[in-house]
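All residue numbers in this chain count up from 1 along the given sequence. Hydrogens, waters and symmetry mates are skipped; everything else that's a heavy atom, side chains included, is used.
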Amino acid sequence: MQESKLCIFCLHENASDATECSQCHAPFQTDMRTPVVPSEIADLLALDNAVKAYQKTVSKTVTLHVVSEKNPLFVPFTGRVILGRSPNEDDSQLIDLKPFRAHLLGVSRQHAALMITDEECLLEDLNSMNGTWVNENRLSPHQPTPVQDGDLIRLGLLLMFLSRRAG
């Protein structure tokens with residue numbers, strides 16, 4: 001069995017006489033006063049991959065800024081969510097707008113759907129009583145319409161701006 005050197009950065013096996021990693025080109029240490037334990041490196045790499053996956057998810061987040069409200073609503077990247085008023089607290093696919101006086105502003109229980117993909121966001125009116133608007137253009141029911149960063153969305157009389165952070 002031929003001896004090899006394990007790169008501490010990418011865990012690639014290299015020839016025993018290599019001076020740098022053939023994969024990531026990191027130089028091999030000649031001074032071995034502080035040994036590195038491979039399992040600790042693997043743990044650090046796993047943590048680094050978890051952080052990168054989280055950052056990728058966060059970069060897909062859509063934020064709704066309700067006009068006259070201090071705190072925005074963060075819409076998770078789940079594919080499709082309903083915007084409206086929920087009588088049940090257990091409806092995980094609904095963004096509940098009750099705290100924003102939605103019932104007084106004409107927001108239906110299931111007013112609109114927001115579909116989020118890597119490429120675009122679509123807003124669809126779910127045949128609401130008081131209409132769904134994008135930049136003051138009324139949407140036809142059940143016709144998904146692209147929405148972009150900075151668009152004004154109106155559900156009945158509830159106003160909000162959409163913000164999408166690009167990845």
Side-chain angles (χ1 to χ4, degrees), residues 7 9-12 21-26 39-167:
C7 176
F9 297 102
C10 70
L11 302 180
H12 180 73
C21 176
S22 62
Q23 183 166 328
C24 72
H25 303 290
S39 64
E40 291 174 359
I41 296 169
D43 291 344
L44 289 173
L45 286 173
L47 178 62
D48 187 47
N49 288 335
V51 168
K52 286 177 183 173
Y54 172 76
Q55 288 172 335
K56 187 175 181 182
T57 301
V58 168
S59 71
K60 297 176 183 175
T61 299
V62 169
T63 307
L64 297 173
H65 303 271
V66 178
V67 172
S68 80
E69 294 293 327
K70 182 178 175 182
N71 297 320
L73 289 168
F74 297 100
V75 182
F77 182 73
T78 57
R80 177 184 163 107
V81 292
I82 305 296
L83 303 173
R85 300 179 289 118
S86 175
N88 304 334
E89 296 298 324
D90 62 340
D91 193 351
S92 62
Q93 295 296 338
L94 185 120
I95 301 293
D96 190 3
L97 300 172
K98 280 190 293 189
F100 306 104
R101 300 171 309 282
H103 64 290
L104 297 174
L105 297 172
V107 176
S108 301
R109 284 195 172 95
Q110 291 194 350
H111 197 102
L114 187 62
M115 286 79 65
I116 306 165
T117 68
D118 284 334
E119 295 79 31
E120 64 183 349
C121 290
L122 300 171
L123 185 66
E124 175 184 350
D125 180 77
L126 298 177
N127 204 24
S128 63
M129 186 72 142
N130 295 309
T132 301
W133 310 72
V134 174
N135 297 324
E136 293 306 308
N137 295 308
R138 188 170 186 157
L139 302 184
S140 298
H142 305 293
Q143 296 294 318
T145 302
V147 286
Q148 305 198 8
D149 192 43
D151 280 351
L152 174 66
I153 295 173
R154 180 160 60 98
L155 307 178
L157 295 174
L158 180 67
L159 298 171
M160 60 187 84
F161 287 94
L162 181 126
S163 174
R164 180 171 185 162
R165 295 191 323 195

Check whether any side-chain heavy atom of Lys98 lies under 4.5 Å from a side-chain heavy atom of His103, and answer yes or no.
no

Which heavy atom of Thr132 sits nearest to which heavy atom of Ala112, and what is that distance?
OG1-CB, 4.0 Å

Of all the heavy-atom pairs spanning His12 and Cys21, show the shortest one and how long it is.
CB-SG, 3.9 Å

Which atom names give the shortest non-hydrogen contact between Ala113 and Ile82, and what distance separates them?
CB-CD1, 4.0 Å

For a 4.5 angstrom cut-off between non-hydrogen side-chain atoms, does His142 reach Asp125?
no

Indicate yes or no: at least one non-hydrogen side-chain atom of Leu97 is less than 4.5 angstrom from one of Leu105.
no

What's the verdict on side-chain contact (heavy atoms from CB on, under 4.5 Å) for Phe100 and Leu158, showing C-alpha distance, side-chain angles and the deciding distance?
CA-CA 8 Å; Phe100 306 104; Leu158 180 67; 4.1 Å; yes

Measuring only between side-chain heavy atoms, which start at C-beta, is Cys24 closer than 4.5 Å to Cys7?
yes

Smallest heavy-atom separation, Arg80 atom then Gln93 atom, equals O-OE1, 2.8 Å

On a heavy-atom basis, the closest approach of Arg138 and Gly131 is NH2-CA, 3.4 Å

Is the shortest heavy-atom distance from the side chain of Val107 to the side chain of Asn130 under 4.5 Å?
no

Using side-chain heavy atoms (C-beta onward) and a distance below 4.5 Å, is Met160 in contact with His65?
no

For residues Leu64 and Leu83, determine if any side-chain heavy atom of one lies less than 4.5 Å from a side-chain heavy atom of the other.
yes

Below 4.5 Å, heavy atoms only, C-beta onward: do Thr145 and Leu122 meet side chain to side chain?
no

